Amino acid sequence: MTATADLGPTAAGSGRLATERFTEKARAGAAVDQERVSAIATDALSALHEVIRKHKLTYAEYDALKAWLIRVGEDGEWPLFLDVWVEHVVEEVVNADRKGAVGTIEGPYYIPGSPQFTSEATLPMRENEAGTPFLFQGTVTDLDGNPVQDARVELWHADDDGYYSQFAPGIPEWNLRGTIVTGADGRFAFHTIKPAPYQIPTDGSCGALIAAAGWHAWRPAHLHFKVTAAGKQPVTSQLYFEGGTHLEDDVAQAVKPELVLHPTPAASGNGEEVTYDFPLDPA
Ligand code: MBD
Ligand code: FE
């Protein structure tokens, strides 16, 4: 490791950590059916062949593609690339029939096992954590509005600089990550801060693609959450803030109108608050 790698967040640093986290999770993953592998791989390759014909790819472009793909692996940016440019369609297909809380992509920065609280929590944060204080509260229910007890509401989000704990250096391990287990009333209340808009790393392979194509690297400010309960379909989603930048041009195409919050000044007089409920579909 070079000296500069320790100084600040880098694409290779966050990429390596995201790849490690994903690899741990994927080891427990299910095998994929052979017939579906054949059908999906055949169609995926055919779609790529069509793109090559349509654009009359040159050898210079083919070599640029090959070099870039190699670099994505070296940077550890496969989780980032896939979650930014592919996951939103997987989520759309998988959750097409859901009636309850609206889902969106998980992204590369979820970590299971965050510090656990009952009903109400202040997320782990640094002394004088920068950002507007924010109270995020609501109720986990079934589709008829009955409260769900012992639901787990996991919340994780970036800090005021747009960085996630465990994926950027110098941030305490569980900063701005926590889990609330609901009581009989199904309620949860997180005291946290509003995150900043997030720019995906610009110094790695994903950033190189964005620069080469003249795109931008921004996601709107967002809160990630995952809600799970016995007998219910889990929901993974994100919430955004009304009036925030990049709601209309999220690089990860993960914004849905139902997921945009309209916070109000907090009753406590300190910062802002919002109520958002999670009706869960039956499993
Ligand atoms: C993020 O914070 C994120 O939510 C996604 C989807 C991709 C990269 C970084
Ligand atoms: Fe995120």
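Every value quoted in this text rests on a predicted model; they were computed, and no experiment measured them. The first residue of the sequence shown is numbered 1, and numbering continues consecutively from there. In listed order, ligands and their atoms are each counted from 1.
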When [X] is tested against each of [options] for side chain to side chain donor-acceptor pair (under 3.5 Å), which residue passes?
X: Asn175; options: Glu129, Gln166, His157; value: Glu129
X: Tyr240; options: Lys256, Arg219, His222; value: Arg219
X: Tyr109; options: Tyr198, Tyr163, Trp156; value: Tyr198

Determine yes or no for a side-chain-to-main-chain donor-acceptor pair under 3.5 angstrom, with Asp33 supplying the side chain and Arg36 the backbone.
yes

Looking only at the aromatic ring of each residue, does the gap between the centers of Tyr110 and Tyr164 stay below 6.0 angstrom?
no

Aromatic contact, Phe136 with Phe188 (centres under 6.0 Å)
yes

Could you pull out every N or O of ligand 1 that sits under 3.5 Å from a protein N or O, with the distance for each pair?
residue, atom, partner, partner atom, Å
ligand 1, 2 (O), Tyr164, OH, 2.9
ligand 1, 2 (O), His222, NE2, 3.4
ligand 1, 4 (O), Arg219, NH1, 2.9
ligand 1, 4 (O), His222, NE2, 3.2
ligand 1, 4 (O), His224, NE2, 2.9

hydrophobic_cluster_shared for Leu280 and Leu143, side chain cutoff 4.5 Å:
no

With 2.8 Å as the limit, jot down which protein N, O or S atoms are around the Fe ion (ligand 2).
Tyr164 OH, His222 NE2, His224 NE2

Side-chain ion pair, Lys25 and Glu20, N-O less than 4.0 Å:
no

Does Asp43, at its CG atom, have more than 12 non-hydrogen atoms belonging to other residues, nucleotides or ligands within less than 6.0 Å?
yes

